[in-house]
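Please read the structure below before turning to the comments.
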Amino acid sequence: GGDDCKIKVWQLQTVRDAQLPSSQRPGLDTSCLTLSDHSKAVCALEASGRRAFSGAFDQTIRVWDTGSWDCLRVLTGHEGGVCTLVA
């Protein structure tokens, strides 16, 4: 997360590929997905299983599906920015 209100999700090579000799490794896939649902700076990220959570100065927590990266739920009610998450 960052001051631009966005979360960047980078798709990197798998651990299995990283264990291959360099001559047999496929090219590093550095494709990136941008999640831009927050309206203020993102300051907290946490993941647990198939869910990821983001907290921001917009006073919300967003729950993400890590397979599709769809926002499943927006949790409101905080009176200040959400800068710490524990899953």
Side-chain angles (χ1 to χ4, degrees):
D3 288 338
D4 62 0
C5 309
K6 299 176 183 171
I7 300 167
K8 300 285 188 181
V9 180
W10 295 91
Q11 302 296 324
L12 301 177
Q13 72 187 28
T14 65
V15 172
R16 180 185 52 89
D17 290 342
Q19 294 172 349
L20 294 172
S22 60
S23 62
Q24 295 176 3
R25 286 185 206 154
L28 181 64
D29 176 7
T30 57
S31 58
C32 178
L33 175 66
T34 301
L35 307 176
S36 56
D37 290 21
H38 283 287
S39 62
K40 292 190 178 177
V42 177
C43 56
L45 294 170
E46 184 68 49
S48 179
R50 293 200 33 89
R51 299 289 181 259
F53 307 87
S54 58
F57 284 108
D58 62 7
Q59 303 176 354
T60 67
I61 297 170
R62 294 185 185 265
V63 182
W64 306 89
D65 178 279
T66 59
S68 65
W69 290 107
D70 290 330
C71 182
L72 302 175
R73 180 173 282 176
V74 179
L75 306 175
T76 60
H78 291 275
E79 296 180 5
V82 180
C83 294
T84 303
L85 296 169
V86 178

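Computed from a predicted model, the values in this text were never measured in an experiment.
Across all non-hydrogen atoms, the minimal contact from G80 to Q59 is O-CG, 3.3 Å. Nearest heavy atoms, A41 versus C5: N-SG, 3.9 Å. Considering all non-hydrogen atoms of both residues, L85 and E46 come closest at O-OE1, 3.4 Å. Contact record, G67 with R50: CA-NH2, 3.7 Å, taken as the closest heavy-atom pair.
Side-chain heavy atoms closer than 4.5 Å link hydrophobic residues (I, L, V, M, F, W, Y) into clusters, and following such links, possibly through other members, connects L33 to L45. Residues V74 and W64 do not share a hydrophobic cluster, defined by chaining ILVMFWY side chains whose heavy atoms lie under 4.5 Å apart.
Taking the side chain as every heavy atom from C-beta outward, T66 and R51 never approach each other to under 4.5 Å.
Summarising the geometry, atom SG belonging to C71 is positioned 5.0 Å from atom CG belonging to D37; distances are rounded to the nearest 0.5 Å.
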* Do K6 and L35 pass the side chain to side chain contact (heavy atoms under 4.5 Å, CB included) test, and can you show the C-alpha distance, the side-chain angles, and the key distance before you say yes or no? -> CA-CA 6 Å; K6 299 176 183 171; L35 307 176; over 6 Å; no

* Please test V42 against R62 for side chain to side chain contact (heavy atoms under 4.5 Å, CB included), starting from the C-alpha separation and ending with a verdict. => CA-CA 10 Å; V42 177; R62 294 185 185 265; over 6 Å; no

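Put simply, the side chain of D58 never gets that close to the backbone of H38: no donor and acceptor are under 3.5 Å apart.
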